[in-house]
Engineer: 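Can you keep this structure in mind? I'll have questions shortly.
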Amino acid sequence: MNENDKPEQLDENAIVALRRAKLAALRERGAPFPNDFRRNVIAGELHAEYGEKDNAALEAPRYACASPDA
């Protein structure tokens, strides 16, 4: 591969500037990295409820969906 075959690469300063510009645009639209995740259980509760179950029990479907063709 010679010099003409390499894809053009931006230098590090240009990449940082581009990322900052994108972040500024995201901030204008609201929170750029929203943290709206709220947990409803903690790991200990999950282990207590599901820790003794085998894979088959964990992977079994819990809900049945009606077929649109039915």
Side-chain angles (χ1 to χ4, degrees):
M1 179 183 266
N2 63 32
E3 287 292 322
N4 295 334
D5 293 335
K6 291 183 182 178
E8 185 177 325
Q9 294 181 356
L10 298 174
D11 67 10
E12 190 172 340
N13 290 333
I15 293 171
V16 170
L18 181 61
R19 289 179 180 173
R20 286 183 178 161
K22 289 180 179 181
L23 178 60
L26 287 171
R27 284 183 173 154
E28 288 177 7
R29 295 186 353 212
F33 306 107
N35 185 6
D36 56 359
F37 174 77
R38 301 292 180 254
R39 70 174 189 221
N40 57 0
V41 294
I42 58 174
E45 294 170 346
L46 294 172
H47 282 286
E49 186 171 348
Y50 300 105
E52 297 297 320
K53 295 185 179 185
D54 63 357
N55 286 346
L58 292 173
E59 293 178 3
R62 298 190 321 171
Y63 303 102
C65 297
S67 170
D69 299 329

Engineer: What distance separates Arg39 CZ from Glu45 CD, expressed to the nearest 0.5 Å?
Structural biologist: 8.5 Å

Engineer: Is there a path of hydrophobic side-chain contacts, each under 4.5 Å between heavy atoms of I/L/V/M/F/W/Y residues, joining Leu58 to Val41?
Structural biologist: yes

Engineer: To the nearest 0.5 Å, tell me how far Ile15 CD1 sits from Arg20 CZ.
Structural biologist: 13.0 Å

Engineer: If you count every heavy atom of other residues, nucleotides or ligands that lies below 6.0 Å from Glu52 atom CD, does the total exceed 12?
Structural biologist: no

Engineer: With Ala25, which residues qualify under side-chain contact (heavy atoms from CB on, under 4.5 Å), at least two apart?
Structural biologist: none

Engineer: State which residues pass side-chain contact (heavy atoms from CB on, under 4.5 Å) with Lys22; sequence neighbours excluded, sorted by chain then number.
Structural biologist: Leu18

